[in-house]
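Here the structure comes first, spelled out in structure tokens, and everything after it is commentary.
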Amino acid sequence: MSKGITPMSEDYSAWYNDIVLKAELADYAPVKGCMVIRPYGYAIWENIQRIMDGMIKETGAQNAYFPLLIPESFMQREAEHVEGFAPECAVVTHGGGKKLEEPLMVRPTSETIICAMFARWIQSWRDLPFMVNQWANIVRWEMRPRLVLRTTEFLWQEGHTCHATREDALEEALKMLEVYRNFAENYLAMPVLTGRKSASEKFAGAAETYPIEAMMQDGKALQAGTSHLLSQDFAKAFNIQFQDRDGTLKYVWLTSWGITTRLIGALVMVHSDDRGLVLPPKIAPTHVVIIPIVKKDADNARVMEVCGNIKEGLSGDISVLLDSRDQYTPGWKFNEWEQKGVPIRIEMGPRDLESNSVVICRRDTGEKKPYPVDEIETVVDKLLEEIQTNLFERAKKFLVENTHDLDSYDKMKEIL
RNA sequence: CGGGGCGUAGCUCAGGCUGGUUAGAGUGCUUGCUUUGGGAGCAAGAUGUCGCCGGUUCGAAUCCGCCCGCCCCGACCA
């Protein structure tokens, strides 16, 4: 039916790649491991950004921007950090036609350069807490890249905060973990498990790492966001000190937290099916697509007029697209927009004109029913809510059914 | 870095074993007409350093050697 999408059951990786490419989320770039985020994929990222940016600002953090290039010596100041990131750093050795005196790292994350600035900006307990966030691109030379999920360059948001005490910093780290959980579950309709990473899985240089983990339809977990309480070594390495109320100099306690374009890949793997992408309404660039059905000897002008009216009526809080392209048949468009995961499709043709109704099809269940024209707005609002809820419940059920408490190795083998 | 697969038209691929004039198909694209309720039909048309370099040969997409690149699985990771 859907041309060119490998069934999930046949080859999960091929299915995933097909969806990303067919839904026009991203494409392979000329450089290995790099991707081009196409307009449709970028529109999803913009929605993620817009919502997350609001939530971050709500917590008191402000946006700023730090440079892409970091002196190599900065990366080396915190032992665990350099050990963790050095192997996957891209290094600039030449600039302006000359060899540089000190090589520059393309940021794999910005703790070091931000800490260097914190040291200049923070003097007193009155300066704390200090909270910044940046939306940026970063580069990590991973051994094996994967489209959208693990690309050499990716986009993210990284928040960095300074606190007077370990307790304050831990509270911040856990607060952001909760922000991420809330965002994943209530906007992406992606149920997650939160927890604490083991010593070997921690962020390089963190005292504690708290992730949100989502479950993909192959039953595997995917880290979808992290919040770290950093080790005190960062503050010491960069000499970020403040004078406390009692007059003594103390090192600050740092946190950092981030979500990335990987979330788009996670969305694909949590909700989509063999027909293509499935998007939760709250993150979908287009909520409703209207397909006019024109026919020979029919009142096509009237069909187009009604379609236009429906679009007018719905537009406002939601994004509506009227697909009036005449080089494609309705069937072609049905497939096209299903591949792209548009939550609701409205079909309007001569038959509907007669009965003063439209056919509405929802992407999550495929259910297709006629509704009177003057009920469209109420029905669409209700359906969008239902789809959002249904996607979450469906994913939640899958997660619960495929999560097991383990008390022995034998039990694990049995389940696998 | 180890294992597997693959590089020929925008895309998916055939051809290669057995070398031989103008390298094919499907799909997509352009134009025209007819169509349009689940990827429409007919007709005409445009489109190629056969991944790179070298070798064998009168002659290489095809045989030989080297190199490069990409995808999948693993180690690494958001």
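In what follows, chains are A, B, ... by sequence order, proteins preceding strands, each numbered from 1. Every value quoted in this text rests on a predicted model; they were computed, and no experiment measured them.
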What's the closest nucleotide to the [X] side chain, out of [options]?
{"X": "A:P330", "options": "B:U36, B:G38, B:A75", "value": "B:U36"}
{"X": "A:I293", "options": "B:C76, B:G38, B:U36", "value": "B:U36"}
{"X": "A:R351", "options": "B:G37, B:G39, B:C77", "value": "B:G37"}
{"X": "A:P350", "options": "B:G38, B:G37, B:U34", "value": "B:G37"}
{"X": "A:V359", "options": "B:G37, B:G38, B:C71", "value": "B:G37"}
{"X": "A:Y328", "options": "B:G37, B:C29, B:C71", "value": "B:C29"}
{"X": "A:R146", "options": "B:G37, B:C72, B:C76", "value": "B:C72"}

Review point. Counting N and O atoms only, with roles assigned by atom type, does the side chain of A:D274 sit under 3.5 Å from a partner on the main chain of A:M8, one being a donor and the other an acceptor?
Key: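 Yes.
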Exercise for review: Using modelled atom types only, decide if a donor and an acceptor are shared between the side chain of A:R275 and the backbone of A:G366 within a distance under 3.5 Å.
Suggested key: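 Answer holds: no.
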Heavy atoms only, 4.0 Å cut-off, all strands: where does [X] land among base, sugar-phosphate and nothing?
{"X": "A:L149", "value": "base"}
{"X": "A:E347", "value": "base"}
{"X": "A:K333", "value": "nothing"}
{"X": "A:D352", "value": "base"}
{"X": "A:K295", "value": "base"}
{"X": "A:T151", "value": "base"}
{"X": "A:T260", "value": "base"}
{"X": "A:Y28", "value": "sugar-phosphate"}

Rounded to whole angstrom units, what separation is found between the [atom1] atom of [X] and the [atom2] atom of [N]?
{"X": "A:K220", "N": "B:C73", "atom1": "NZ", "atom2": "C1'", "answer": "9 Å"}
{"X": "A:W141", "N": "B:C1", "atom1": "CH2", "atom2": "C1'", "answer": "17 Å"}
{"X": "A:I5", "N": "B:U12", "atom1": "CD1", "atom2": "P", "answer": "15 Å"}
{"X": "A:I291", "N": "B:A40", "atom1": "CD1", "atom2": "C1'", "answer": "16 Å"}
{"X": "A:L147", "N": "B:C73", "atom1": "CG", "atom2": "P", "answer": "12 Å"}
{"X": "A:E142", "N": "B:C76", "atom1": "CD", "atom2": "C1'", "answer": "6 Å"}
{"X": "A:F203", "N": "B:C77", "atom1": "CZ", "atom2": "C1'", "answer": "12 Å"}
{"X": "A:M143", "N": "B:C76", "atom1": "CE", "atom2": "C1'", "answer": "4 Å"}

Polar side-chain contact [X]-[N] base: donor and acceptor under 3.5 Å:
{"X": "A:R140", "N": "B:C77", "result": "no"}
{"X": "A:K368", "N": "B:G38", "result": "yes"}
{"X": "A:E336", "N": "B:G38", "result": "no"}

Are [X] and [Y] close enough for a salt bridge, meaning some N to O gap below 4.0 Å?
{"X": "A:K368", "Y": "A:E347", "result": "yes"}
{"X": "A:K396", "Y": "A:E393", "result": "no"}
{"X": "A:E142", "Y": "A:R150", "result": "no"}
{"X": "A:D364", "Y": "A:R362", "result": "yes"}

Watson-Crick or G-U counterpart of [N], or none if no pair lies under 3.5 Å:
{"N": "B:C42", "result": "B:G32"}
{"N": "B:C13", "result": "B:G24"}
{"N": "B:G48", "result": "none"}
{"N": "B:C70", "result": "B:G5"}
{"N": "B:U18", "result": "none"}

Could you give the distance separating [M] and [N] at their [atom1] atoms, to the nearest angstrom?
{"N": "B:G19", "M": "B:U57", "atom1": "C1'", "result": "9 Å"}
{"N": "B:U8", "M": "B:C71", "atom1": "P", "result": "14 Å"}
{"N": "B:U47", "M": "B:G10", "atom1": "P", "result": "11 Å"}
{"N": "B:C11", "M": "B:U49", "atom1": "P", "result": "11 Å"}
{"N": "B:G39", "M": "B:C76", "atom1": "C1'", "result": "41 Å"}
{"N": "B:C17", "M": "B:U31", "atom1": "C1'", "result": "43 Å"}
{"N": "B:A23", "M": "B:G38", "atom1": "P", "result": "43 Å"}
{"N": "B:U62", "M": "B:G3", "atom1": "C1'", "result": "28 Å"}

Hey, is the side chain of [X] poking within less than 4.0 Å of OP1 or OP2 on [N], counting only N and O atoms?
{"X": "A:T329", "N": "B:G39", "value": "no"}
{"X": "A:R144", "N": "B:A75", "value": "no"}
{"X": "A:N17", "N": "B:C72", "value": "yes"}

Study note, to complete from the structure: Assert: residue with more 5' nearest nucleotide on RNA chain B, out of A:D11 and A:G349, is A:G349
**Study point:** Pairwise 5' ranking along RNA chain B for A:R345 and A:T261, keeping only the more 5' one
**Key:**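 The answer here is A:R345.
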**Study point:** Lys/Arg cation over aromatic A:F398: A:R394, 6.0 Å, 45° cone
**Key:** no
Check your understanding: Hey, do the aromatic rings of A:H160 and A:F130 have their centres closer than 6.0 Å?
Key ->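 No, they do not, as the ring centres are separated by 6.0 Å or more.
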Review point. Taking the six-membered ring for Trp, are A:F85 and A:F203 ring centroids under 6.0 Å apart?
Key: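 When the ring centroids of A:F85 and A:F203 are compared, they turn out to be within the sub-6.0 Å range.
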